[in-house]
Amino acid sequence: MPATKGSAGKNGSKDSGRQGEGTALVIVESPAKAKTIAGYLGRGYVVESSIGHIRDLPTKAAEIPAKYKGQAWARLGVDVDGDFEPLYVVNTDKKAHVKKLKELMADADELLLATDEDREGEAIAWHLREELKPKIPVRRMVFNEITKDAIQRAADNTRELNTRLVSAQETRRILDRLYGYEVSPVLWKKVMPKLSAGRVQSVATRLVVERERERIAFTSAEYWDLKAVFDATGSGASDGPATFPATLMSVDGRRVAVGRDFSPQGALRSDRDVHHLDEQAARGLASRLDGAGFAVSSVERKPYRRSPYAPFRTTTLQQEASRKLGLSSKQTMQVAQRLYENGYITYMRTDSTTLSESAVKAARDQVRRLYGGDYLPDKPRVYAKKVKNAQEAHEAIRPAGDTFRTPAEVGLNGPEGRLYELIWKRTVASQMKDAVGESVTVRIEGTSSAGETAEFTATGKVITFHGFLKAYVEGSDDPAADLDDRERRLPSMEEGAPLKAESLEAEGHSTRPPARYTEATLVKELEEREIGRPSTYASIIGTILDRGYVFKKGTALVPSFLAFAVVQLLERHFGNLVDYEFTARLEDVLDDIARGDAQSLPWLRRFYFGGETPEGESEVGLKDLVGDQLADIDPKEISSVPVPGTDILLRVGRYGPYLDRDGERVNVPEDLAPDELTQEKAEELFAQPSGDRELGTDPETGRAILAKTGRFGPYVTEVLEEPAEGESKPKSKAKVKPRTSSLFKGMDLDTVTLEDALRLLSLPRLVGEVDGEEVTAQNGRFGPYLKKGTDSRSLETEDQIFTVTPEQAKELFDKPKQRGRRAAAPPLRELGEDPASGVKMVVKDGRFGPYVTDGEINASLRKGDEVESLSDLRAAELLAERRAKAPAKKKAPAKKTAAKKSTTTKKASTTKKSTAKKPAAKKTGEPKSTSTGSDEA
DNA sequence: CAGTGAGCGAGCTTCCGCTTGACTT
């Protein structure tokens, strides 16, 4: 450990140092950073990390303190009716760490909050101050690079906490919470459970969906040209290759159409005066040019110059690692994290391309040593801010240290070695000279036998000084594209030089739809649109993959049909929220708040409750969109996507996508790319036997027996012979229905036999008579059961359906329903007394797993609770939480105004059909008050 | 997307942005 002599003093007292003054506790965000900085600050400083954020809004009910549980807004963690006051809780995984920080603070006489100098960093610092409640002086310490000088300077020049910046962060946080936690439940209700929506992920999904829509709407156009290979032997060319390829560019002075002249609909763009060659025309021209003489009509030379790319930031690193190493965004970040933690590279989550002075020096030293002074520009290169909303709390991603180690010197292997090499090369190259050379365009003319003038063009590139390209060449997303360092030499020809066509061939091309996003190109797009942050790009991809909104096909991101439905819903009903400009506008507001030019509250109010925009338009608030206007969202409509050119609808159901043509339905494979669902494909799917398995023929009826998957799971059914076409329909209106039966639990769709199926279809089985009534055994919604008239009893096993005797059946029906089982179930565990009620608590096993009860209140054990180890204290806590949560006492007070009553009744009829129906059917008299009451439950 | 008969202690899913281990095999 270098004996840094306590660093220079702080806050102006230059010579004193920290020795003899006690210690300052410095808190940074990352443990790796803490280690480095500790070395730079030396004695008098204790450096710890916060490990990111320490507090946040509660994620789920379990994290909400009991005293807030009853609040209507507790679910959101933001008191929307109380000026959007956020409720912060210490993250569960940080509790121990916060305790440790408090202990360290007890031994310090000053607290230096040295979190990153950006919006989130300022907020982390504020949360630390709020949570640690220091009684010692607190200062904010900031730096953008981790070098000894910069750190010592930062320790000497501390400042106050910037609460306006904190307010901007808090506004961002609240908005994201309201968006995510209010809109996601809409998807649960209208599409399927566990889906999610958010400011970032929903736009990311929408981008992928829109790209797919473009691909679906795309019509390919075909166009032809000629490819010639010219021989320059007789041209007097002094050097270069003897032959070179060239492409037909114009005929009789009129340019030949190329891909960009066509619209996405496959038509020639109307503003183009071009010559569209089809195959016949191209072949005809080729033959008419056979044997023609050619000559160079013009030679145009232009200087070629290319500057190095800026050093890596998170997104560009992910792109290049994808293109060159085939790593996903997540893999790239994992490898980079390891490199960072072991001191090989600087911080990998950054939006800055800036290099520290010492890093520039280190890069230039390497250039001189490895490539020589010729490759070194006179002055260091400085890279301008590339990203609009960049917060630049960190440096660019580069090799760590004041001198760089070459890949050979660090001796890393595997992905670490390859990623380090990439970073090292890019950094070094960024301080090298431009590549220079010359590009040449040559035009060649010839006259066909029909007198047409055909003009060909050939381009060449010669690099005379490679500059940075010697060290680093950026990859391309288009595998067909030429890379920057690719030379293409042409013979050095003069105007008028005669040429011979060695070959001349017609070549067909077709326009291609826009390419799908890859992880890397989507991340690039998001960054350009200012959506997401370096720390989240990889996880955004993870989220939309996890939710099933996109899946990967090779490296391409393909949207699912589910994504089409979700995006459709959001676009139609939450258009503002998935507007690509939404985040950009938000950033403007946050900047205003950070500068003190705007207040958070009015803005949040309008977002949530609605109101007038600054432009004077009225805006519906989020609260109404997910509340009063919820009924406007028709699940059927938003889950339907028309198959182009047909009257077939693609529908997204609970059990996956399917096609619907006037009620005729067929499943669609989940991994079918939406742009492949053409009319032909749809017809093909309808024609297929839909994946049902034919088990054989019922010997008694001669009917085919099928095993299928339906909305209640796998089942078997029989095929009724249909009346031949043209034959008159059966007279009796009552349609004969095929027999059906769900498979038993132990059965599998793939292994079920004809024998099984016939047994299943024979149900219900007549067991015999009990008390003069027929008893049947069958399988149902809740499992196997016996039925006698309107009475029923459950059976223990499915097997009993076939084995139960009339005697056993009578026994079951003699016993009253249900009770036997409940009384028989003993408690799993006995606990002590609940201090609140004084009643003994027991743990029981129930339908939803183990729960603790005091006889009156029941509370499920939560994740992490175990029956064996559950303490009395924890059990009492669970019960208390349950009690606090609006006791399940029914009966609402019937004191509502008439107006209010009518609105609640309306809601019930549209959105709560099932709950509204039951009580209404049971109760007689006073229907209005009871239905209002049940709404409130 | 096939069509059947209870009554019972539900609770939870979800956002974006900061940051790492702690777990198990």
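This is a predicted model, so every value here is computed, not measured.
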Counting the atoms with a prime plus P, OP1 and OP2 as sugar-phosphate, which does [X] contact under 4.0 Å by heavy atoms, base, sugar-phosphate, or nothing?
X        : result
A:Thr740 : base
A:Gln169 : nothing
A:Ser50  : nothing
A:Arg651 : nothing
A:Arg119 : nothing
A:Pro738 : nothing
A:Gly198 : sugar-phosphate
A:Ala197 : sugar-phosphate
A:Lys787 : sugar-phosphate
A:Gln201 : sugar-phosphate

Looking only at the side chains, is there a donor atom on one of A:Thr350 and A:Arg313 sitting less than 3.5 Å from an acceptor on the other? no

If only side-chain N and O atoms count, and only distance matters, is there a donor-acceptor pair under 3.5 Å linking A:Ser196 with A:Arg547? yes

With a 3.5 Å cut-off and just heavy-atom distances, do the side chain of [X] and the base of [N] make a donor-acceptor pair?
X        : N      : result
A:Arg177 : B:dC16 : no
A:Thr853 : B:dG9  : no
A:Ser741 : B:dA2  : no
A:Arg533 : B:dC18 : no

Between [N] atom [atom2] and [X] atom [atom1], what is the distance in whole Å?
X        : N      : atom1 : atom2 : answer
A:Leu339 : B:dT20 : CG    : P     : 14 Å
A:Leu76  : B:dT13 : CG    : P     : 14 Å
A:Tyr785 : B:dG7  : OH    : P     : 14 Å
A:Leu128 : B:dC18 : CG    : C1'   : 11 Å
A:Tyr851 : B:dG9  : OH    : P     : 6 Å
A:Asn91  : B:dC16 : CG    : C1'   : 13 Å

On DNA chain B, nearest-nucleotide positions of A:Asn779 versus A:Asp118: which is more 5'? A:Asn779

Side chain of [X] - closest among [options]:
X        : options                : value
A:Arg665 : B:dA2, B:dT14, B:dC1   : B:dC1
A:Pro185 : B:dT14, B:dT20, B:dC16 : B:dT14
A:Asp56  : B:dT19, B:dC16, B:dT20 : B:dC16
A:Ile51  : B:dG17, B:dT19, B:dG3  : B:dT19
A:Ser860 : B:dT19, B:dG9, B:dC15  : B:dG9
A:His53  : B:dT19, B:dC15, B:dC18 : B:dC18
A:Trp188 : B:dG9, B:dT19, B:dT13  : B:dT13
A:Thr543 : B:dC12, B:dC15, B:dT19 : B:dC15
A:Glu341 : B:dC18, B:dT20, B:dC15 : B:dT20
A:Ile124 : B:dC18, B:dG17, B:dA2  : B:dC18

Indicate the atoms forming the closest heavy-atom contact of A:Asn91 with A:Asp56, along with that distance. OD1-N, 3.3 Å

Write down the atom of A:Leu604, the atom of A:Leu175, and the distance for their closest heavy-atom approach. CD2-N, 4.4 Å

Side-chain N or O of A:Thr536 closer than 4.0 Å to phosphate OP1/OP2 of B:dG17: yes

At under 4.0 Å, does any side-chain N or O of A:Arg739 touch on OP1 or OP2 of B:dT4? no

Going by the salt bridge (charged side-chain N to carboxylate O under 4.0 Å, His left out) test, name the single residue among A:Arg172, A:Arg119, A:Arg199 that passes it with A:Glu587. A:Arg119

With sequence neighbours left out, write down each residue that passes salt bridge (charged side-chain N to carboxylate O under 4.0 Å, His left out) with A:Asp854, or none if nothing qualifies. A:Arg883

Got a salt bridge between A:Lys100 and A:Glu48, using NZ or NE/NH1/NH2 to carboxylate O under 4.0 Å? yes

Mark this stacking check for A:Tyr181 against B:dC15 as yes or no, applying ring centres under 5.5 Å and ring planes under 30°. no

